[in-house]
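Side chains are part of it too, since the values below use all heavy atoms of this structure and drop only hydrogens, waters and symmetry mates. Numbers restart at 1 for each chain; the letters A, B, ... are given by sequence-line order, proteins then strands.
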2 protein chains.
Amino acid sequence: MILKSVSIDCVIFGFDGNSLKVLLSQNNPEETLKQLSEQDDYEDIKELYMEHPSLTDPRCWNVFGAHIPVDKDIDDFARELLLMATGMNDVFLNQYYCFGKVNRVPKNRVLTIGYYALINPAHHLIKKSIALNDLKWFKLDHLPKLSFDHGEIIKKALEHLRNEVRYKPIGFHLLPDKFTLTEFQTLYETILDKKMDTRNFRKKIAKMDLLIDTEEKQENVSHRAAKLYRFDEQIYNHLKAEGLKFRIE
Amino acid sequence: MILKSVSIDCVIFGFDGNSLKVLLSQNNPEETLKQLSEQDDYEDIKELYMEHPSLTDPRCWNVFGAHIPVDKDIDDFARELLLMATGMNDVFLNQYYCFGKVNRVPKNRVLTIGYYALINPAHHLIKKSIALNDLKWFKLDHLPKLSFDHGEIIKKALEHLRNEVRYKPIGFHLLPDKFTLTEFQTLYETILDKKMDTRNFRKKIAKMDLLIDTEEKQENVSHRAAKLYRFDEQIYNHLKAEGLKFRIE
DNA sequence: TCAAAAGTGTTTTGTCTACACCCATGC
DNA sequence: GCATGGGTGTAGACAAAACACTTTTGA
């Protein structure tokens, strides 16, 4: 059984070293219905899909989402959705807003709770076996045609990301485990859409005493190899307890 | 018609010059059912009330809330709730979180969307004609027995308020239209729960060039009368467009 | 004239900004 | 040896923190 009047949408952000992207799903109507017929709550979901042709409109792309089962906490279910879409379990995930305009979906009253996730696309596996849909990364400034208010949902997710990344060390989730300071700076320049001074940026990071020097360097690069660093959530929590203020802006 | 699986709860904050308070409602079962019988969607709501005896448990206090009508935007309906509870129309109101654990309400799956409102209790009229319930202000450190997860709902609202008040000039909504700098400082000391230096606080405010000197003073105080200031949202928006950063912490 | 809160400046300390050159590596 | 990005320091401007006394008013 699902809650017909509430769904969850996960805006999945990735960073490939140059630009910020979202993972979107495109409808594949035949595949969707075939898969649905194998599931318990087929009738419920089928009814919803029939009422909303655009859910299965093959030209529209969607933020990855679904209706909430009655017996699942919303946070847990958002994680399940993420696992379906990315094959990843251990992901940064944050609820950011509930969209509840009467006409956000035509003909039916559906609220949606927006979550955003941050992943490193290099780690990401599309599990074909689960995917009802095609999945594809899009640059934020070249989004395709989207269903319903999904444009607004993405826009608002980005606003929240831009705000939170300045005060909380969540940006690391978009990077590989080991990363260079230049990658780190480029990430912030991309998200906040502004150039930063390299020396000042590095001084600020160094003073926080936050990153662990892995003693390793880049390999196979055609220029001076950069040092690789790690971020450790536990160390951050220690520092925070002692009064560290993380701020990059 | 209402959405049975989703409600809105409004955490209403007020400041009386010394402490931060929440406006809570206590159930009055007879009155509630009498009023309900006069309303269109009586059957829907009655059914919910019957399924949840604690909704009408006269010992418990509640964050003011209700189920969402199918034909109302959630933001609009949150404002209607506020009007019911306070008689006030022009109020600062902010959606902050959706609570969606399976067992947050026993026996029934109900999500609730949390909003918080900031009002000046002196302006506040309890419209007896509308109130289904008793309404009363409680200090945050002396809350009564609460229904369901309403303690958590209030706690999380306070966290959001504490965070937002530092970067956005929303604290003014808790003050009278004309206020002294001491009142303003006390408000921040109360919300952020820390003492601040008067001279430094005033210098910071003065530099923002944000407050309008009303040329008036306090009257009937048994000490030197303080100057009264006003905050104007439009002036703030102008200043912000020119790059003003509001920050008090 | 006393009590109670209003109002005000300076010094020190730390943080932010602006800015230019040498270094290591692969090809 | 050259192209490419990696890595570093200093000076000046600005903001934050620490700190104590005088002023105004009503009772």
Applying side-chain hydrogen bond (donor to acceptor under 3.5 Å, both in side chains), name anything that partners B:N18, two or more places apart in sequence or on another chain. none
Got a sec, which residues hit salt bridge (Lys or Arg N to Asp or Glu O under 4.0 Å) with A:K168, two or more places apart in sequence or on another chain? A:E164
Heavy-atom neighbours of A:N200 CG exceed 12 at 6.0 Å: yes
Provide the full list of side chain to side chain donor-acceptor pair (under 3.5 Å) pairs with a residue in residues 73-83 of chain A, sequence neighbours left out, each pair given once. A:K72-A:E80, A:D75-A:Y115
Taking atom C1' of C:dT15 as reference, at what distance in whole Å does atom CZ of A:F201 sit? 17 Å
Whole-Å distance separating the CD atom of A:Q185 from the C1' atom of D:dG5: 12 Å
Separation of C:dT15 atom C1' from B:E249 atom CD, nearest Å, is 14 Å
Quick tally for nucleotides 4-10 of chain C: nucleotides whose base has a protein heavy atom under 4.0 Å get B, sugar-phosphate-only ones S, the rest -, giving BBBSBBB
Nearest-angstrom distance from the residue atom CZ of A:F179 to P of D:dG5: 20 Å
Axis-to-axis angle across the helix from C:dT1-D:dA27 to C:dC27-D:dG1, five pairs each end, nearest 10 degrees, ~ 0°
Please tabulate, for side-chain N and O atoms in residues 204-221 of chain B, each donor-acceptor pair with protein atoms closer than 3.5 Å (sequence neighbours left out).
from, atom 1, to, atom 2, distance (Å)
B:D213, OD1, B:E215, N, 2.8
B:D213, OD2, B:K227, NZ, 3.0
B:T214, OG1, B:E216, N, 3.2
B:T214, OG1, B:L228, O, 2.7
B:E216, OE1, B:K178, NZ, 3.3
B:E216, OE2, B:K178, NZ, 2.7
B:Q218, OE1, B:A226, N, 3.0

Which pairs pass ring pair (Phe, Tyr, Trp, His ring centres under 6.0 Å) with one or both residues in residues 174-210 of chain A, sequence neighbours excluded? A:F172-A:F179, A:F172-A:F184, A:F179-A:F184, A:F184-A:Y188, A:F184-A:F201
For A:D149, check side-chain hydrogen bond (donor to acceptor under 3.5 Å, both in side chains) against everything at least two apart and list the hits. A:R104
Using a heavy-atom distance cut-off of less than 4.0 Å, which residues of residues 235-247 of chain B contact DNA chain C? none
is_close_aromatic(B:Y97, B:F99), centroid dist under 6.0 Å: yes
Holding to side-chain hydrogen bond (donor to acceptor under 3.5 Å, both in side chains), I want the full list of residues that pass it with B:K21, two or more places apart in sequence or in another chain. B:D16
Applying salt bridge (Lys or Arg N to Asp or Glu O under 4.0 Å), name anything that partners A:R166, two or more places apart in sequence or on another chain. A:E249
Can you measure A:K204 atom NZ to D:dG9 atom C1' for me and round it to whole angstrom units? 18 Å
Show me the donor-acceptor pairs within less than 3.5 Å that the side chains of residues 229-237 of chain A make with the rest of the protein, sequence neighbours left out.
from, atom 1, to, atom 2, distance (Å)
A:D232, OD1, A:Q234, N, 2.7
A:D232, OD1, A:I235, N, 3.3
A:N237, ND2, A:E233, O, 3.4

